[in-house]
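Written below as structure tokens is the structure these notes are about.
Below, each value reflects all heavy atoms present in this structure, side chains not excepted, and no hydrogens, waters or symmetry copies.
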Amino acid sequence: MAGANAGGPRGEPPWRRYLTDYNEGLGLVYERLVLNDYLEGLKHRFGLERVLEAPLFGMAGVSGINSIHLARLGCSITLVDTDEERLQGVRRLWSELELEADFHLQAKLSQLPFPDRSFDLAWQWAGLWYLDDAEALLSELCRVSGRLVFAAMPNPRQPGYLLRKHVAEPEFFRGVDESWTDIGRVRRALEGRGYRTIEQGVMDVPPWPDTVMPVAELLQRLGIRSKRLQRRFSGASWEWSTMDYYLGRQPDLRERVLRYAWLERSPLPRWVKGLWAHHRYVLAERHPG
């Protein structure tokens with residue numbers, strides 16, 4: 001399963017489309033922006049300088065741009081992928097943004113080509129269930145980090161996940177290992193390798209459910225033929241692109257998107273947000289010594 005990416009049935013890899021089509025949809029742009037805020041918080045709290053994202057796939061939409069905000073904050077970024085074509089596309093995206101990173105093509109994520117404690121943060125977003133041996137990757141992230149490991153996975157409790165699984169895209173779930181949506185399993189894997197959990201929480205809590213596909217496509221899959229709704233969620237008025245925001249083409253995008261973050265920012269307890277949050281995460285710190 002290594003090398004897969006989120007979304008879509010068998011056939012044309014969905015990541016290939018997004019190497020040139022940056023229109024990811026409102027939900028994905030929201031997800032990236034709240035993740036950016038969280039990563040920026042880690043940067044300031046822990047003085048991060050060297051960051052590894054391995055593998056760089058997992059989030060739907062444009063692959064390989066999750067660490068761009070950290071790069072712009074001055075971090076040295078290393079990215080690992082298992083697919084040569086995708087990695088070359090990611091190199092081009094970073095070049096388009098005039099940013100640098102160290103890119104590594106690695107067939108086996110169970111053996112990362114870095115010395116022990118090479119990074120301040122080693123992290124992964126939503127890709128564990130694609131891997132043949134996610135346990136081994138987590139072990140490697142722990143080995144090569146000198147301080148923090150961060151991992152997040154889709155929340156199987158939220159309504160959009162259940163809609164996708166049972167109605168909209170059941171075929172997708174035959175190609176992933178759902179056991180890795182158990183964030184407790186991820187936490188135990190990190191704690192078994194000399195780390196202690198310092199945060200376990202939820203993230204990506206907009207007011208809509210998460211089906212990991214554009215609204216227009218979801219309507220089609222659900223058999224909803226309304227032309228009015230199709231027009232509402234397609235065309236130039238429904239263009240949402242993190243890359244265009246980074247390139248300065250949509251400078252007001254962050255302000256427009258984060259108007260929907262009122263639930264994310266609310267003081268509701270974690271267990272309440274956990275009924276709706278799209279992702280759950282663990283942040284672990286290496287024990288001293």
Side-chain angles (χ1 to χ4, degrees), residues 2-3 5 15 32 35-36 38-59 62-84 86-91 93-95 97 99-153 180 186-187 189-199 203 279 281-287:
N5 199 354
W15 55 262
R32 291 192 192 279
L35 175 60
N36 281 357
Y38 182 79
L39 293 173
E40 181 172 345
L42 293 186
K43 157 72 174 170
H44 295 316
R45 284 165 59 193
F46 297 98
L48 303 180
E49 295 181 357
R50 301 162 300 159
V51 175
L52 167 70
E53 185 184 355
L56 58 77
F57 58 81
M59 189 183 292
V62 181
S63 294
I65 64 172
N66 290 340
S67 293
I68 279 174
H69 190 57
L70 285 176
R72 287 184 160 175
L73 292 172
C75 292
S76 173
I77 305 297
T78 300
L79 301 174
V80 174
D81 199 0
T82 58
D83 186 282
E84 184 172 7
R86 180 171 52 211
L87 188 61
Q88 290 303 317
V90 172
R91 285 178 182 269
L93 295 177
W94 279 67
S95 176
L97 293 167
L99 291 172
E100 295 184 356
D102 290 327
F103 301 93
H104 290 263
L105 181 66
Q106 186 72 11
K108 291 185 178 180
L109 295 173
S110 58
Q111 297 177 339
L112 297 178
F114 311 112
D116 295 355
R117 306 191 184 201
S118 299
F119 303 96
D120 304 312
L121 168 68
W123 74 288
Q124 212 292 311
W125 181 271
L128 296 178
W129 59 356
Y130 296 112
L131 307 182
D132 294 324
D133 194 346
E135 191 91 30
L137 170 69
L138 290 174
S139 179
E140 281 292 274
L141 295 182
C142 289
R143 179 184 66 80
V144 302
S145 175
R147 183 141 193 208
L148 299 176
V149 173
F150 169 66
M153 284 297 292
W180 285 107
V186 180
R187 185 192 70 245
L190 300 180
E191 291 176 346
R193 289 165 174 83
Y195 280 71
R196 64 181 183 92
T197 298
I198 55 177
E199 282 183 15
M203 194 184 305
H279 292 85
Y281 71 87
V282 172
L283 177 68
E285 185 174 35
R286 179 186 285 273
H287 279 296

May I have the step-by-step check of side chain to side chain contact (heavy atoms under 4.5 Å, CB included) for Leu52 and Ser145, ending in yes or no? CA-CA 8 Å; Leu52 167 70; Ser145 175; over 6 Å; no
Given Leu79, Asp83, Thr78, Val80, the one that forms side-chain contact (heavy atoms from CB on, under 4.5 Å) with Leu56: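 Looking at Leu79, Asp83, Thr78, Val80, the match for Leu56 under the side-chain contact (heavy atoms from CB on, under 4.5 Å) is Leu79.
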Quick check: closest heavy atoms across [X] and [Y], and the distance to 0.1 Å?
X      : Y      : value
Asp120 : Arg147 : O-CB, 3.4 Å
Leu190 : Cys142 : CD2-SG, 3.6 Å
Leu141 : Val149 : O-CG2, 3.6 Å
Pro115 : Arg143 : C-NH1, 3.6 Å
Trp15  : Ser63  : CB-OG, 3.6 Å
Val186 : Trp180 : CG2-CE3, 3.8 Å

Aromatic plane relationship, Phe57 with Tyr130 - under 30° parallel, 30 to 60° tilted, over 60° perpendicular: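 Perpendicular: the ring planes of Tyr130 and Phe57 meet at over 60°.
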Anything under 30° is parallel, anything over 60° is perpendicular, the rest tilted; go ahead and classify Phe114 against Phe119.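 Perpendicular: the ring planes of Phe114 and Phe119 meet at over 60°.
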Gap separating the [atom1] atom of [X] from the [atom2] atom of [Y], nearest 0.5 angstrom:
X     : Y      : atom1 : atom2 : value
Arg91 : Leu87  : CZ    : CG    : 5.5 Å
Thr82 : Leu131 : OG1   : CG    : 8.0 Å
Glu49 : Lys43  : CD    : NZ    : 6.0 Å
Glu53 : Ile68  : CD    : CD1   : 10.0 Å
Leu48 : Leu73  : CG    : CG    : 10.0 Å
Ser67 : Leu99  : OG    : CG    : 11.0 Å

Name all residues meeting the side-chain hydrogen bond (donor to acceptor under 3.5 Å, both in side chains) criterion together with Arg72; count only those two or more places apart in sequence or in a different chain, and write none if there are none.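 With sequence neighbours excluded, Arg72 shows a side-chain hydrogen bond (donor to acceptor under 3.5 Å, both in side chains) to no residue whatsoever.
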Are there over 12 heavy-atom neighbours, none belonging to Glu199, within less than 6.0 Å of that residue's CD?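 Atom CD in Glu199 is packed in, count exceeds 12.
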CD (Glu84) with more than 12 external heavy atoms under 6.0 Å: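 Counting other residues, nucleotides and ligands, CD of Glu84 stays at 12 neighbours or fewer.
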Which pairs would a plain distance check flag for residues 100-111, meaning a side-chain donor or acceptor within less than 3.5 Å of a matching protein atom at least two apart in sequence or in another chain?
residue, atom, partner, partner atom, Å
Gln106, NE2, Lys108, O, 3.4
Gln106, NE2, Gln111, O, 2.4

Any side-chain heavy-atom pair of [X] and [Y] under 4.5 Å:
X      : Y      : value
Arg193 : Glu135 : yes
His69  : Leu39  : no
Tyr38  : Leu283 : yes
His279 : Leu35  : no
Asn66  : Trp123 : yes

Kindly say whether Gly64 contributes a backbone atom to a donor-acceptor pair with the side chain of Trp94 at under 3.5 angstrom?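 Yes; judged by distance alone, with no hydrogens or angles, the pair exists.
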Arg187 side chain to Val282 main-chain N or O, any donor-acceptor pair under 3.5 Å?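 Pair absent, no side-chain N/O of Arg187 close to backbone of Val282.
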Would Leu42 and Leu70 count as a side chain to side chain contact (heavy atoms under 4.5 Å, CB included) here? Give the steps. CA-CA 10 Å; Leu42 293 186; Leu70 285 176; over 6 Å; no
